[in-house]
Amino acid sequence: MLQIKSFTFNPFMENTFLLFDETKEAVIFDPGCYEKAEKETLQNFISKEGLNIKYLINTHCHIDHVLGNAFVKRQFNVPLLMHKNEVVVLKSVSSYASNYGFPAYEETEADKFIDENDQIEFGNTILKIKFVPGHAPGHLVFYNLDANICIAGDTLFQGSIGRTDLPSGDHLTLLNAIKNEMFTLPETMTIYPGHGPETNIGFEQINNPFVGKRAKF
Ligand SMILES: [Zn+2]
Ligand SMILES: [Zn+2]
């Protein structure tokens, strides 16, 4: 049985997710931990549960999602998986980290590129992948059909969507990707976004002001 543990880290209130199953193998998505206490919170949970971390995965590489990359790679000796279009996004983080108040940010690099044709395997669990660009050029979302869950990063939020005014963001690309890719997922699937509370596909298909039935898109 797939389990999800969420943490909300850093001043951007970013959601970091840890997925694990009965084998105790686990993957970490978007570690936003920066302060010592945040890193300890993550580490303590992993130790307490006796988890064996297999991969570090970035849905995309904005600063709030990668602040803990270096810590996780070092602490658990795991490879970083991400889409190749995010290389430039990740590289640029060190150029603005100090201005955003994160002078101790440490750079990391991808160890393996993944895309929508790959799947992530750990323990008895398989995660499938969809390519949902627009908020970021190489944004991926990860879903599991048995547990009916999706790790959505900054694509679809409860009642909103990811901002597209950042460099390499594109509003229409995001709207199309959510409609054509995410809205093919089961209506009942729970969405775990990079910020804010959970939602599900069916609720957003109807109510989301940007991509729902009532939106003028
Ligand atoms: Zn983002
Ligand atoms: Zn974010």
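For reference, positions follow the sequence shown, starting with 1. Atoms within a ligand are numbered from 1 in the order they appear, just like the ligands themselves.
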Please, which pairs that meet side-chain hydrogen bond (donor to acceptor under 3.5 Å, both in side chains) have at least one residue in residues 74-99, sequence neighbours excluded? Q43-Q75, R74-E106

If you take the centroid of each ring, where Trp contributes its six-membered ring, are F7 and F9 closer together than 6.0 Å? yes

Indicate whether any N or O donor in one side chain lies under 3.5 Å from an N or O acceptor in the other, for N15 and S6. no

A quick test of your reading: do over 12 heavy atoms of other residues, nucleotides or ligands sit less than 6.0 Å from CD of E22? yes

Do you know which of L51, V27, I4 makes side chain to side chain contact (heavy atoms under 4.5 Å, CB included) with L18? L51

Under a 3.5 Å threshold, yes or no: a donor from one side chain and an acceptor from the other, between T190 and N200? no

Around the Zn ion (ligand 2), how many protein N, O or S atoms are closer than 2.8 Å? 4

